[in-house]
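What follows is a single structure, written as structure tokens, with notes after it.
Just so you know, ligand 1 is whichever comes first in the structure, and atom 1 is the first atom listed for that ligand.
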Amino acid sequence: MYAVLKTIHSYWAYLVLLILVIAIVNAFMGKSSGKDFGAKDLRISLFGLIFSHIQLLIGLILYFVSPWFDQWSEMGMGVMKNAETRLYLVEHPITNILAIVLITMGWSMHKRQTLSAKKFLRIGLFYSLGLLLLLSRIPWSSWL
Ligand code: HEM
């Protein structure tokens, strides 16, 4: 169960980052060209939202089945003093949950706008902030 989830979480991350970059580039290009926010733009942004939510769900389950989780009972609050345990048990999960909250806010805020330029801007800005947070706390050394 752990190995399968870790593999899925690891590969799904490529898809999440890729689709978010596509959605952000699409949003800023749409904004600068002044075109209407159409069905294709909606689909790309929705994919970004869905893919990141799926990663959140996988991550939440992985958190409790990962051997990292056992460190809570072994080290207690000592996990905060070690950079690696702090990254896996605290920083990565909390930052990524915040990132997905921002992405979700961008999605809901774009729906409330009537002007296409504002729709593109909400998606572009909030997805970018979310992506920056995700990139800031990925365990790069174990992933790549
Ligand atoms: C879109 C959001 C997320 C992305 C892009 C992401 C990405 C990653 C990546 C690339 C790794 C390294 C995988 C490897 O070493 O092969 C990882 C590990 C991990 N992630 Fe996430 N993650 C996300 C959200 C979450 C969330 C929300 C949680 C928990 C609540 C979580 C829990 C974990 C855990 C526990 C590991 C370590 C697995 C292990 O080595 O045992 N992730 N994540």
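- For M75, the CE atom sits in a packed shell: over 12 heavy atoms of surrounding residues, nucleotides or ligands are nearer than 6.0 Å.
- Residue, atom and distance of the protein heavy atom nearest to atom 40 (O) of ligand 1 are W68 NE1, 3.3 Å.
- Annotation: S142 places an N or O atom under 3.5 Å from an N or O atom of ligand 1; distance criterion only.
- Summarising the geometry, atom OG belonging to S108 is positioned 8.0 Å from atom CG belonging to L49; distances are rounded to the nearest 0.5 Å.
- At atom 21 (Fe) of ligand 1, the vertex angle linking NE2 of H92 with NE2 of H9 is 170° (nearest 10 degrees).
- At least one donor-acceptor pair closer than 3.5 Å links the side chain of Y127 to the backbone N or O of S45.
- The P93 neighbourhood of ligand 1 comprises atoms 29 (C), 30 (C), with distances under 4.0 Å to a heavy atom of that residue.
- Summarising the geometry, atom CG belonging to L5 is positioned 10.0 Å from atom OG belonging to S66; distances are rounded to the nearest 0.5 Å.
- Heavy-atom contacts from other residues, nucleotides or ligands closer than 6.0 Å to OH of Y63 number more than 12.
- Atom CG of L133 is separated from atom CD1 of I97 by 12.0 Å, given to the nearest 0.5 angstrom.
- Looking only at protein heavy atoms, the nearest one to atom 36 (C) of ligand 1 is L62 CD2, 3.9 Å.
- Below 3.5 Å of separation, one finds an N or O of S10 facing an N or O of ligand 1.
- Protein heavy atom at the shortest distance from atom 23 (C) of ligand 1 is N96 ND2, 3.0 Å.
- If you check which protein heavy atom lies closest to atom 5 (C) of ligand 1, you get Q55 NE2, 3.9 Å.
- When non-hydrogen atoms are compared, ligand 1 lies under 4.0 Å from the side chain of Y2 (C-beta onward) but not from its backbone.
- Atom 37 (C) of ligand 1 has Y88 CD2, 3.4 Å as its closest protein atom, hydrogens excluded (heavy atom only).
- Counting the atoms of ligand 1 from 1 in the order shown, those under 4.0 Å from a heavy atom of Y63 are 29 (C), 35 (C).
- Between F47 and I19, the shortest heavy-atom distance links the atoms CB-CD1, 3.6 Å.
- Distance from atom 30 (C) of ligand 1 to its nearest protein heavy atom, with residue and atom name: L60 CD2, 3.5 Å.
- Here I100 has side-chain heavy atoms under 4.0 Å from ligand 1, and that is the only part of it that gets that close.
- In this pair, F51 and W12 present their aromatic rings parallel. The plane angle is below 30°, not in the 30 to 60° band.
- Listed by number with element, the atoms of ligand 1 under 4.0 Å from a non-hydrogen atom of S66 are 39 (C), 41 (O).
- Nearest non-hydrogen protein atom to atom 29 (C) of ligand 1 is G59 O, 3.2 Å.
- For an aromatic pair to be called close, the ring centres must be under 6.0 Å apart, and W143 with Y14 satisfies this.
- Only side-chain heavy atoms of L134 come within less than 4.0 Å of ligand 1; its backbone N, CA, C and O stay farther off.
- One finds the CZ atom of F126 at 13.0 Å from the NE2 atom of H110 (value rounded to the nearest 0.5 Å).
- The single protein non-hydrogen atom nearest to atom 27 (C) of ligand 1 is L56 CD1, 3.5 Å, given as residue, atom name and distance.
- Only the side chain of P139 comes within 4.0 Å of ligand 1, counting heavy atoms alone; its backbone N, CA, C and O stay farther away.
- Using a 4.0 Å cut-off between charged nitrogen and carboxylate oxygen, K119 and D41 do not count as a salt-bridge pair.
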